[in-house]
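Some notes on the structure that comes next.
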Amino acid sequence: MKVVYNWLKDFVDVTATPQELASRLALSGTNIGGVENGAHGAVIEAEVSSNRPDCLGHLGIAREVAAIYRLSLKHVAPKPAEGAAKASDAIRVEIQSPELCGRFTARVIRNVKIQPSPKWLRDRLEASGVASISNVVDISNFVMLELGHALHTFDYDKVRDHKIVVRRAKHGEHMRTLDGIERQFDSDICLISDGDGSHAIGIGGIMGGAETEISFSTKNVLIECAWFEPVAIRRAARFLKLHTEASTRFGRGADPEMAELASRRAAELILQLAGGELLAGVVDIYPGKRAPQKIRVTRSEILRVMGADVPDKEIEASLGALGFAPVRVDQNRGAEGSLLAAWESTPPSWRAEVEREIDLIEEIARIYGLDKFPPRLPPARQGAARLPHYEAETRLRECLIGLGYREILTIPHVREERDALFRPAGITPAHLSNPLSEEASVLRSTGAVTMAAALEWNLNHGQRNARFFEIGRHYRLHGSNPVETRVLTIGATGAAREKGLYDTACDFSFADLKGDLDTIGALAARFTWSDGGPSWLHAGRSGNIGAIADDPISRTSFGVAGQLARRIADKLKLRQDVFLAELELDPVYAAMQAAKEARRYEPVPRFPAVERDFSLLLADGTKFSDVTETIQSLGIGEIHGIEATDLFRGKNVPAGKYSLLVRVILQSREATLTDAQISDFSGRIRAALETHLGAQLRAS
Amino acid sequence: MPTSDPGLDKTLSALGLTQASEVAARFAELRAHFDAQLLEVHDEAGWKRFRDTWLGRKSGVLTQITGNWLKPAAPESKPAVGAALNALRAHVESQVEERRAAIECGAEESALARERTDLSLPGVIRPVGSHHLIRQVFQAIEDIFFSIGFSVVEGPEIETPYYNFEALNIPEFHPVRDDMDTFYLDLPKGAPGPLLLRTHTSPMQIRTMERQKPPVRVIVPGKVYRRDNPDATHSFIFHQVEGLAVDTDITFCDFTGTIEYFVKQFFGPQVTTRFRPSYFPFTEPSVEFDVSCPFCGGTGTAAGGGTCSKCKGAAWIELFGAGMVDPAVYGFVNYDAKKVSGFAFGVGIDRLAMLKYGIDDIQVFFQNDVRFLGQFP
Ligand SMILES: [Zn+2]
């Protein structure tokens with residue numbers, strides 16, 4: 001709402017500069033967008049909040065100014081000269097839907113001269129950013145901006161039978177509005193119709209119809225000034241996608257008492273600027289008249305909510321200036337500052353949203369000044385708690401960052417086709433019913449889908465090395481229940497190590513991914529790997545991840561890792577290998593927690609370790625885990641570790657076989673191992689490998 | 001190095017040195033000889049030979065003197081020979097040790113000069129990762145509120161209209177809903193009711209109060225969604241931290257004090273705060289909360305003159321909305337509005353991060369370009 005500084009002076013003798021005034025308004029609750037100096041003086045851009053429809057006119061803002069500066073507000077009491085003929089003989093009004101229209105007033109002015117507006121009126125409208133059309137139309141805009149109440153003028157002669165019927169629309173009924181658009185209604189919309197009521201001439205509280213519009217040939221004018229039910233107006237405006245100055249004002253709750261006054265003010269101005277004869281009286285159908293409610297406000301409640309006191313005088317002055325007519329009602333009347341003090345107030349008709357004591361306290365506080373309530377830090381009554389998984393998540397995040405992964409945040413809205421590439425079979429994704437675009441029409445059902453996109457974005461922007469992780473959620477539907485699951489997603493591509501002064505380059509490989517995951521896995525005791533993986537991963541370079549925890553949820557597979565399938569990499573035009581992993585976090589956190597609780601000190605061995613290497617020729621298909629299990633099955637307590645230190649195929653290795661160098665670390669907690677013990681262990685290990693795995697052992 | 005002085009393998013009497021003065025002169029000669037040799041010792045290998053020559057256990061000069069001069073000496077001259085030998089030994093030992101130290105330092109210095117590492121060359125960098133900037137700001141805010149007794153809770157991003165709107169005193173067709181354009185989920189037929197992506201973290205106010213009785217002190221970090229077309233200052237996803245404190249004695253003063261504490265912790269003690277009355281359906285009194293612009297010191301003028309670009313000359317920056325919990329909200333969670341009071345606030349994290357780090361495009365948070373991520377290790 002553009003507040004024209006000079007216009008305010010019609011109602012209040014303000015002396016503060018526009019800048020000063022704007023900042024005082026801001027501190028008392030009228031948000032200010034800025035102050036501009038234009039051809040017609042200063043204009044303050046007031047961003048009026050939706051609970052204050054009374055401030056959508058200069059009178060309302062002036063009332064605020066009067067309250068802030070303790071100035072008196074001038075009364076608006078138009079007294080247009082009336083002719084002998086009665087309005088009630090010229091126009092009949094019937095409200096068939098009082099639940100939508102609580103008041104309807106009609107005045108008629110005959111023999112007006114429609115012509116351009118005088119300069120002062122055009123200036124006011126121009127300062128307010130409203131185009132001037134003709135005197136009568138301009139007057140209705142002027143009165144709306146002045147008093148905050150929207151009204152409508154009809155060409156009286158085009159209103160059939162000179163009868164107005166206010167009613168619900170029939171379903172599917174339509175009408176052409178002032179802006180020339182044919183609009184269709186539903187039965188919750190309030191229409192102004194004429195004659196027998198079958199024919200609509202306006203949408204109540206939103207926009208008039210084209211047929212009865214004022215034109216330069218209009219002779220006689222019908223002024224409609226009404227009150228419409230706010231919720232119905234908001235619903236209708238949204239239904240029609242038609243938001244107007246009128247719908248804003250009625251939609252937020254206009255002042256029903258203002259309807260007659262605004263009509264009178266318009267009549268006064270029309271007589272002044274367009275001449276004519278005002279018919280006597282007003283046709284005023286007012287089924288929605290409200291009885292004023294009394295609200296009590298007490299000092300004890302002010303203290304309880306605000307934490308500091310407000311003097312009696314300030315309470316009475318601020319409520320009084322805003323029209324609440326406070327009356328002290330407690331038994332200690334006359335005792336200033338009494339803790340028992342109570343006031344009864346009657347909210348004025350323009351403040352229908354004030355219904356409770358707290359509403360009055362807010363009024364008092366904002367006019368008194370929020371800065372008068374001294375800030376203090378309240379002591380805590382109880383300990384604070386982090387999220388249950390805070391520690392686990394922090395450890396995980398630190399570990400990943402230490403391993404060189406950067407945390408990313410992605411937007412979960414993705415294209416359906418993209419999501420489908422990564423979506424496990426049988427999963428129902430969460431589609432949006434009103435997406436902004438097809439690109440963002442479904443919530444990701446895996447973390448991998450947006451991780452792949454983040455890597456893609458970097459590759460497309462010349463950044464070929466990336467190691468990312470994201471701790472976020474994926475979203476799925478189980479029937480119609482949404483399920484949000486915390487997931488860790490990892491993505492890596494490009495160099496694991498770049499060529500430098502001291503190093504050669506080395507591309508990120510599946511082994512890097514597995515190693516990094518196993519490093520994380522150490523926080524959860526250990527991750528276990530099993531063959532398999534989703535279809536979006538390379539069939540030969542992927543696996544399922546679980547943990548060795550006792551907790552059965554953690555033990556089952558909760559994650560996948562591997563190289564992105566070529567088929568998908570090609571589709572995304574990724575020209576280098578991309579590695580992805582996704583783990584559900586709740587089981588990981590549970591395993592981390594269990595591992596943490598199970599961890600106990602183990603004394604550092606005091607006796608030296610001995611390494612023995614075994615060069616094995618194994619049949620393809622024999623796994624390293626077969627080797628370790630075979631060795632461990634011997635039950636030699638001195639076996640401290642089993643490592644694979646070299647693996648090769650090809651040259652000097654027969655087809656169908658591979659060569660594996662295995663290092664066994666032997667160590668006793670009791671004594672230094674003797675040569676005899678060591679050769680005994682070695683012999684048993686060799687024999688077991690030969691017997692159980694058919695391994696050929698080479699001298700090493 | 002010249003080996004020892006001739007005559008060490010003979011006794012003193014065999015050398016014809018019987019007079020005490022003659023013996024003393026002989027020792028003086030040896031000492032001079034030692035001092036001359038010492039000057040020739042420049043490196044570790046030379047020093048080792050030199051040490052062995054003089055102090056070697058089997059055939060060092062001092063051992064020879066002990067064996068050949070002192071032991072066979074006549075009883076009357078023994079004390080003098082012994083004293084002279086001890087004096088010489090003390091001199092030799094101290095000088096040898098001194099020389100060793102000198103050589104060690106010198107060797108290091110000369111080696112440094114020859115092989116000094118080029119410090120302008122990089123070391124071996126083991127690349128570490130980074131926290132996302134939004135995560136860093138979340139953490140900073142969580143830590144500040146945790147330190148004054150706020151617990152951290154999380155909630156669903158997919159919400160019901162009840163939690164996102166109704167229970168927060170925002171009935172259908174409330175004007176505020178127009179400012180919160182909302183994404184809805186496409187649900188199968190027969191779904192119990194519509195679902196939406198929460199437009200703020202405030203639903204967790206309700207969920208928290210449903211779960212626990214006062215005192216309540218929580219913050220809720222999380223993602224929120226509004227159906228705005230993306231541009232430099234709008235994203236249809238952004239991040240918020242909700243705060244809620246409810247107790248039997250929480251007042252507006254406690255509220256402003258808490259917010260002020262947070263702001264001074266976050267922006268620094270020089271920042272001042274301002275509360276402007278505002279309107280939200282779920283708080284009353286409601287406020288918009290401003291801080292004195294931390295970038296121009298609340299003057300509106302940039303350091304080099306001209307208008308401050310951060311506050312656009314206003315000297316204040318609008319940070320977020322907040323207020324005392326509206327009593328109507330307590331009605332939805334079975335709290336007695338006559339007995340409890342509290343405050344709530346919602347901080348936009350992206351905006352805070354943009355302000356603090358001078359970021360002019362909200363989209364960079366979600367593009368995840370490594371060149372952006374690397375700027376905030
Ligand atoms: Zn500034």
Side-chain angles (χ1 to χ4, degrees), chain A residues 26-29 31 49-51 231 234-235 251-252 304-308 358-359 362 365-366 370 373-378 380-382 384-387 400-411 430-434 436 454 457-458 461 463 466-468 473 475 480 482 484 501-502, chain B residues 121-122 124 127-132 134-135 146 148-152 154 156-158 173 175-176 183-188 191-192 195 215 217 227 229 236-237 247 250-254 256-258 260-261 275-279 284-285 287-288 324 327 341 365-371 373:
Chain A
L27 290 175
S28 64
N31 200 26
S49 55
S50 63
N51 62 327
V231 175
R234 293 198 294 266
R235 203 208 60 87
R252 293 179 182 186
R304 188 179 80 92
V305 174
M306 298 304 293
I358 189 71
D359 301 328
E362 181 172 50
R366 72 180 181 89
L370 296 183
F373 298 89
R376 67 171 166 250
L377 193 58
R381 284 260 169 81
Q382 55 192 4
R386 300 278 193 180
L387 287 170
L400 281 159
I401 287 170
L403 289 168
Y405 291 82
R406 296 195 184 281
E407 184 178 28
I408 65 167
L409 287 177
T410 63
I411 298 177
H431 283 276
L432 297 174
S433 65
N434 59 342
L436 277 169
W457 202 91
N458 277 281
H461 287 79
Q463 305 303 306
R467 251 180 281 179
F468 290 159
R473 299 177 187 186
Y475 311 82
S480 50
E484 299 174 38
L501 269 179
Y502 320 96
Chain B
L121 283 174
V124 178
V128 291
S130 49
H131 293 278
H132 195 281
I134 293 287
R135 182 64 233 162
F146 183 73
I148 50 171
F150 282 76
S151 293
V152 185
E154 274 186 346
E157 293 166 28
I158 299 175
F173 301 116
V176 160
F183 286 112
Y184 285 88
L185 255 52
D186 195 7
L187 293 175
L195 292 171
R217 261 192 212 200
R227 200 176 168 280
N229 278 305
F236 57 76
I237 171 171
D247 204 342
I250 297 280
T251 68
F252 188 82
C253 297
D254 297 312
T256 54
T258 303
E260 209 174 84
Y261 175 81
F275 296 86
R276 285 180 292 111
S278 185
Y279 171 68
E284 181 148 340
V287 303
E288 287 282 351
M324 299 300 288
S341 53
F365 291 135
F366 305 102
Q367 283 161 351
N368 299 306
D369 190 304
V370 291
R371 292 163 295 183
L373 300 171

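Residue numbers start from 1 in every chain, and the chains themselves are labelled A, B, ... in the order their sequence lines are given, proteins ahead of strands.
- Judged by distance alone, the side chain of A:Glu407 and the main-chain N or O of B:Arg135 form no donor-acceptor pair under 3.5 Å.
- Proximity to chain B (any heavy atom under 4.5 Å) is shown, for A:Leu436, by both the backbone and the side chain.
- The two residues A:Ser480 and B:Pro188 have their closest heavy-atom pair at CB-CG, 3.9 Å.
- Contact count versus chain B (heavy atoms, under 4.5 Å) is highest, among A:Thr410, A:Asn51, A:Leu27, for A:Asn51.
- Contacts of B:Tyr184 with chain A are made by both backbone and side-chain atoms, with heavy-atom separations under 4.5 Å.
- Each of A:Asn458, A:Leu432, A:Leu409 has some count of heavy-atom pairs under 4.5 Å with chain B, and the biggest count is that of A:Leu409.
- Closest heavy-atom contact between A:Ala466 and B:Val370: CB-CG1, 4.0 Å.
- Of the atoms belonging to B:Glu157, heavy atoms from both backbone and side chain fall under 4.5 Å from chain A.
- Heavy atoms closer than 4.5 Å to chain A are found in the side chain of B:Leu195, but not in its backbone.
- With a threshold of 4.5 angstrom between heavy atoms, B:Leu373 approaches chain A through its backbone and through its side chain.
- Most heavy-atom pairs under 4.5 Å with chain B, from the set A:Arg235, A:Arg252, A:Arg406: that is A:Arg406.
- The shortest side-chain heavy-atom distance between A:His461 and B:Gln367 does not fall under the 4.5 Å cut-off.
- Between chain A and the residues B:Thr256, B:Val128, B:Leu121, the most heavy-atom pairs under 4.5 angstrom are made by B:Val128.
- Annotation for B:Pro285 and A:Glu362: closest pair CA-OE2, 3.2 Å, computed over non-hydrogen atoms.
- Between A:Pro378 and B:Arg217 the shortest side-chain heavy-atom distance falls below 4.5 Å.
- In this structure, chain B has heavy atoms under 4.5 Å from both the backbone and the side chain of A:Arg376.
- Of the listed residues B:Phe365, B:Tyr261, B:Phe366, the one with more heavy-atom pairs under 4.5 angstrom with chain A than any other is B:Phe366.
- Both the backbone and the side chain of B:Glu284 come within less than 4.5 Å of a heavy atom in chain A.
- Between A:Arg467 and A:Gly404 the shortest heavy-atom distance is CB-O, 3.6 Å.
- Note on B:Ser151, B:Gly149, B:Pro122, B:Ala191: by heavy-atom pairs under 4.5 Å with chain A, the leading option is B:Ser151.
- For chain A, the nearby part of B:Ser278 is the backbone; its heavy atoms alone come within less than 4.5 Å.
- Counting heavy-atom pairs closer than 4.5 Å to chain B, the top-ranked of the candidates A:Ala365, A:Ser433, A:Ala380 is A:Ser433.
- In this structure the side chain of A:Arg473 reaches within 4.5 angstrom of the side chain of B:Glu154, judged on heavy atoms.
- Chain A forms more heavy-atom pairs under 4.5 Å with one residue of B:Phe236, B:Phe150, B:Phe146, B:Phe275 than with any other, namely B:Phe146.
- In this structure, the side chains of B:Tyr279 and A:Asn31 stay at 4.5 Å or more apart for every pair of heavy atoms.
- Options B:Ile250, B:Ile158, B:Ile237 differ in how many heavy-atom pairs under 4.5 Å they form with chain A, and the most are formed by B:Ile158.
- Residue contact with chain B, scored on non-hydrogen atoms closer than 4.5 Å, involves the backbone and the side chain of A:Phe373 alike.
- Checking side-chain atoms of B:Arg227 against main-chain N and O of A:Asn434 turns up a donor-acceptor pair under 3.5 Å.
- In this structure, a donor-acceptor pair under 3.5 Å is absent between the side chains of A:Ser28 and A:Arg366.
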